[in-house]
**Student:** 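I'd like to ask you about the structure that follows.
Since this is a predicted model, take the numbers as computed values, not measurements. Both counts, for ligands and for their atoms, begin at 1 and track the order of listing. Heads up: numbering here begins at 1 and tracks the sequence.
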Amino acid sequence: MKYLYDAGTAGSKKLLLLHGTGGDENSLVDIARFLDGGCAVLSFRGEVEEDGMNRFFKRNGLNQFDLASLEKETDNLYEEIKRISAEKNVPLSDWVLVGYSNGANIAAHLLLERQTPLTQGLFFHPMSLGVHEKQFELKDKRIWLSFGQGDPIVSPESFNELAEAFDSRGADLTIKQTKQGHQLAADEVNQARNWLHQLPM
Ligand code: MLT
């Protein structure tokens, strides 16, 4: 996969970035730098193309997910995360997955459906993809989710289904609601920053 890597400064957070539909590996870099100025960054470009837009898995229309593509791309992404982390000497448990929209959805799926040493996720405007195959405990996971009350893409039901999937399996869950839609709002990014800085290193 195409990716951008920046080792950042010693003692800073390590942020693994996954963009929304139509973005690329640069899309979340400014937000990452706001979240933590000296952060290490590993940022991927989704390999699925939809009308010229990059995504992390296929869909057949709005919120009609291609689940075979989702599973394949989740495995592919995880292999890439492992490969690059080993190459750069970053323990998997150091990463904070930071995703927006489509990128948040595949990252949440990775944490819910694959047993991995990844433990931290900061997900802007994610939704349930409706897959709940695995039941292993998520007590080691620290998860932050945001939801826009006026979001035309993510329904309250779909957001709540995702939150419940983390909560019922023991994840340490923080939820930030905004009055806005699918876009990032300043107050949620500020709250994400505060949450990130209270995480143990
Ligand atoms: C998705 O397809 O993952 C969600 O609908 C979010 C989006 O990319 O719009």
**Student:** What are the atoms of ligand 1, with element, lying closer than 4.0 Å to any heavy atom of N63?
**Tutor:**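 In order of number, 4 (C), 5 (O).
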**Student:** Do F159 and S128 have side chains that get closer than 4.5 Å, going by heavy atoms?
**Tutor:**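 When only atoms from C-beta onward are counted, S128 and F159 do not touch, as no gap falls below 4.5 Å.
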**Student:** Is the shortest side-chain N to carboxylate O distance from K82 to E87 below 4.0 Å?
**Tutor:**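 E87 and K82: not salt-bridged.
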**Student:** Under 4.0 Å from a heavy atom of N102: which atoms of ligand 1 are those, numbered in the order shown and with their elements?
**Tutor:**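 By the 4.0 Å cutoff, the relevant atoms are 1 (C), 2 (O), 3 (O), 6 (C), 8 (O).
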**Student:** Which one of G61, S158, G99, S101 has a non-hydrogen atom at the shortest distance from atom 7 (C) of ligand 1?
**Tutor:**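 Minimum heavy-atom distance to atom 7 (C) of ligand 1 goes to S101.
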**Student:** Answer with yes or no whether H125 contacts ligand 1, where contact means a heavy atom under 4.0 Å from a ligand atom.
**Tutor:**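 It does not; every heavy atom stays at 4.0 Å or beyond.
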**Student:** Any nitrogen or oxygen of H182, main chain or side chain, under 3.5 Å from a nitrogen or oxygen of ligand 1?
**Tutor:**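 In this structure, H182 places no N or O atom under 3.5 Å from an N or O of ligand 1.
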**Student:** Salt bridge (charged side-chain N to carboxylate O under 4.0 Å, His left out) for E49 and R55? Distances and angles first, verdict last.
**Tutor:** CA-CA 6 Å; E49 206 209 286; R55 284 179 55 83; over 6 Å; no
**Student:** Which of the atoms of ligand 1 are close to N105, meaning less than 4.0 Å from one of its heavy atoms?
**Tutor:**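 Heavy-atom distances to N105 below 4.0 Å select 1 (C), 3 (O), 4 (C), 6 (C).
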**Student:** Provide, to 0.1 Å, the distance between atom 8 (O) of ligand 1 and the closest protein heavy atom, together with that atom's residue and name.
**Tutor:**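 Result for atom 8 (O) of ligand 1: T21 OG1, 2.5 Å.
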**Student:** Under a 4.5 Å side-chain heavy-atom rule over Ile, Leu, Val, Met, Phe, Trp and Tyr, are I143 and L129 clustered together?
**Tutor:**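 Same cluster.
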**Student:** Among the heavy atoms of F65, does any lie under 4.0 Å from an atom of ligand 1?
**Tutor:**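 Heavy atoms of F65 do come under 4.0 Å of ligand 1.
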**Student:** May I ask you to check whether T9 and S12 show a side-chain donor-acceptor distance below 3.5 Å?
**Tutor:**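 T9 vs S12: donor-acceptor pair found between side chains.
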**Student:** Could you list which atoms of ligand 1 come closer than 4.0 Å to a heavy atom of R55?
**Tutor:**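 This gives 1 (C), 2 (O), 3 (O), 8 (O) as the contact atoms.
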**Student:** For the side chain of R169 and the backbone of L112, is there at least one donor-acceptor N/O pair under 3.5 Å apart?
**Tutor:**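 Side chain of R169 to backbone of L112: a pair is present.
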**Student:** Is the contact between I153 and ligand 1 made by the side chain, the backbone, both, or neither, using heavy atoms and a 4.0 Å cut-off?
**Tutor:**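 Only the side chain of I153 comes within reach of ligand 1.
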**Student:** Hey, would you say the F44 and H19 ring centroids sit under 6.0 Å apart?
**Tutor:**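 Ring centres of H19 and F44 not closer than 6.0 Å.
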